[in-house]
K.L.:
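I am attaching a structure below and will ask some questions about it afterwards.
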Amino acid sequence: MSNPHPALEVTAEVRSALQSGRPVVALESTIISHGMPYPQNVETARGVEQLLRDEGVVPATIAILHGRPRVGLTTPDLELLGSSGDVAKVSIRDIPYVMARRAHGATTVAATMRIAALAGIPVFVTGGIGGVHRGAGETFDVSADLEELARTDVTVVSAGVKSILDIGLTLERLETLGVPVLGYRTDDFPAFYSRHSGQPVPLRVEDPEEAAALMHAKWDLGLRGGVLLANPVPEEEEIPSERISAIIDQALADMAAAGISGKEATPFLLGRIVEITGGESLRTNIALVRNNARLGAAVARAYAAE
Ligand code: PSU
Ligand code: MN
């Protein structure tokens with residue numbers, strides 16, 4: 001594994017795991033600062049780190065603090081990210097600005113992927129990724145997460161994408177960009193809160209070893225870019241699509257009425273869905289992130305073993 005980039009501040013624990021070839025899993029921070037309410041956001045972040053440790057993997061939560069890209073955070077760092085109003089949502093285009101201002105930034109999937117790759121971490125666990133927004137034909141709102149999946153060599157474990165997005169167009173875009181989309185023990189692309197979207201998943205894997213073998217095959221051949229591993233939420237935690245779809249339509253209508261767009265769109269919708277469901281969606285969100293962490297840990301172990 002190569003040496004981490006000198007501009008990154010990588011904890012001794014993460015550095016030593018990478019140097020000795022032990023498995024490390026990256027985690028994002030936008031989900032903490034802009035994806036869940038306090039204090040459940042910090043409890044979830046700490047709980048996921050503990051779960052990864054119990055699975056024999058070193059967690060590396062990524063954020064920008066005081067202008068420094070950090071790989072591996074302390075509990076006070078997580079507390080700051082979860083409770084301060086002064087943390088920007090940082091996608092790829094925002095990284096240099098937040099660094100130059102020595103400010104705090106919570107990294108999106110795109111920004112986290114890039115920093116993970118610079119640190120030499122091949123597996124990254126999150127809840128859901130960004131994608132093609134509904135109505136993107138008019139608004140051009142397509143998440144930078146998709147472009148990043150096209151260019152950065154990191155496997156992202158997610159519970160698919162929320163139907164706040166146009167799931168079919170998101171899968172089309174990923175195909176164009178050459179990103180392998182793997183359904184974990186499913187033929188149906190998962191829709192975050194729900195196990196099924198009704199959209200067929202292009203490729204299916206049955207175990208973590210298969211995913212790890214695909215990663216080696218892709219990158220050994222010099223095929224640049226990421227892999228999306230889509231892991232359905234556990235059945236007992238899912239919100240069936242019949243029920244969540246009306247709630248999502250309501251959140252989208254509220255967003256239109258409030259005139260919200262751009263980088264505020266996703267955080268607004270996530271917050272509104274938690275409000276409308278009276279917290280039920282938050283429980284599902286936490287359960288699926290933990291489920292993804294378990295799978296990501298297994299993929300990281302399998303990838304490191306080969
Ligand atoms: N989808 C979720 N939860 C999240 C996000 C997306 O279900 O927390 C966050 C991720 O950090 C993702 C970002 O990278 O939102 C996408 O934002 P945008 O749509 O503005 O690219
Ligand atoms: Mn967007």
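Just so you know, residue 1 is the first one in the sequence shown, and it goes up from there. For ligands, and for the atoms within them, numbers begin at 1 and follow the listed sequence. Hydrogens, waters and symmetry mates are skipped; everything else that's a heavy atom, side chains included, is used. The model shown is predicted, which means the values in this text are computed figures rather than measured ones.
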K.L.:
List of N/O pairs, ligand 1 versus protein, all under 3.5 Å?
P.N.:
unit_1: ligand 1; atom_1: 1 (N); unit_2: Gly128; atom_2: O; d: 3.4
unit_1: ligand 1; atom_1: 7 (O); unit_2: Lys162; atom_2: NZ; d: 2.2
unit_1: ligand 1; atom_1: 11 (O); unit_2: Glu28; atom_2: OE1; d: 2.6
unit_1: ligand 1; atom_1: 11 (O); unit_2: Glu28; atom_2: OE2; d: 3.4
unit_1: ligand 1; atom_1: 14 (O); unit_2: Val109; atom_2: N; d: 2.8
unit_1: ligand 1; atom_1: 14 (O); unit_2: Asp145; atom_2: OD1; d: 3.3
unit_1: ligand 1; atom_1: 14 (O); unit_2: Asp145; atom_2: OD2; d: 2.7
unit_1: ligand 1; atom_1: 17 (O); unit_2: Lys89; atom_2: NZ; d: 3.1
unit_1: ligand 1; atom_1: 19 (O); unit_2: Thr266; atom_2: OG1; d: 2.7
unit_1: ligand 1; atom_1: 20 (O); unit_2: Lys89; atom_2: NZ; d: 2.7
unit_1: ligand 1; atom_1: 21 (O); unit_2: Ser143; atom_2: OG; d: 2.7

K.L.:
So, Arg134 side chain and Ser163 main chain: donor-acceptor pair closer than 3.5 Å or not?
P.N.:
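Yes.
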K.L.:
Would you call Glu275 and Arg272 a salt bridge, using N to O less than 4.0 angstrom?
P.N.:
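Looking at Arg272 together with Glu275, the answer is yes, because their closest N to O distance falls below 4.0 Å.
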K.L.:
Could you identify the N, O or S atom of Asp141 positioned closest to the Mn ion (ligand 2)?
P.N.:
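It is OD1, the N, O or S atom of Asp141 closest to the Mn ion (ligand 2).
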K.L.:
Among Thr11, Thr107, Asp77, Thr61, whose side chain to side chain donor-acceptor pair (under 3.5 Å) with Arg70 holds?
P.N.:
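One option only clears the test, and that one is Asp77.
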K.L.:
Enumerate the residue pairs fulfilling salt bridge (Lys or Arg N to Asp or Glu O under 4.0 Å) with a member in residues 57-68, sequence neighbours excluded, ordered by first and then second residue.
P.N.:
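Salt bridge (Lys or Arg N to Asp or Glu O under 4.0 Å) check on residues 57-68 returns Glu9-Arg68.
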K.L.:
To the nearest 0.5 angstrom, please state how far the CG atom of Leu73 sits from the CG atom of Leu78.
P.N.:
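Result: 5.5 Å between the selected atoms.
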K.L.:
May I ask you to say whether Glu280 pairs ionically with Arg243, meaning some side-chain N is under 4.0 Å from a carboxylate O?
P.N.:
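A salt bridge is present here (some side-chain N lies under 4.0 Å from a carboxylate O).
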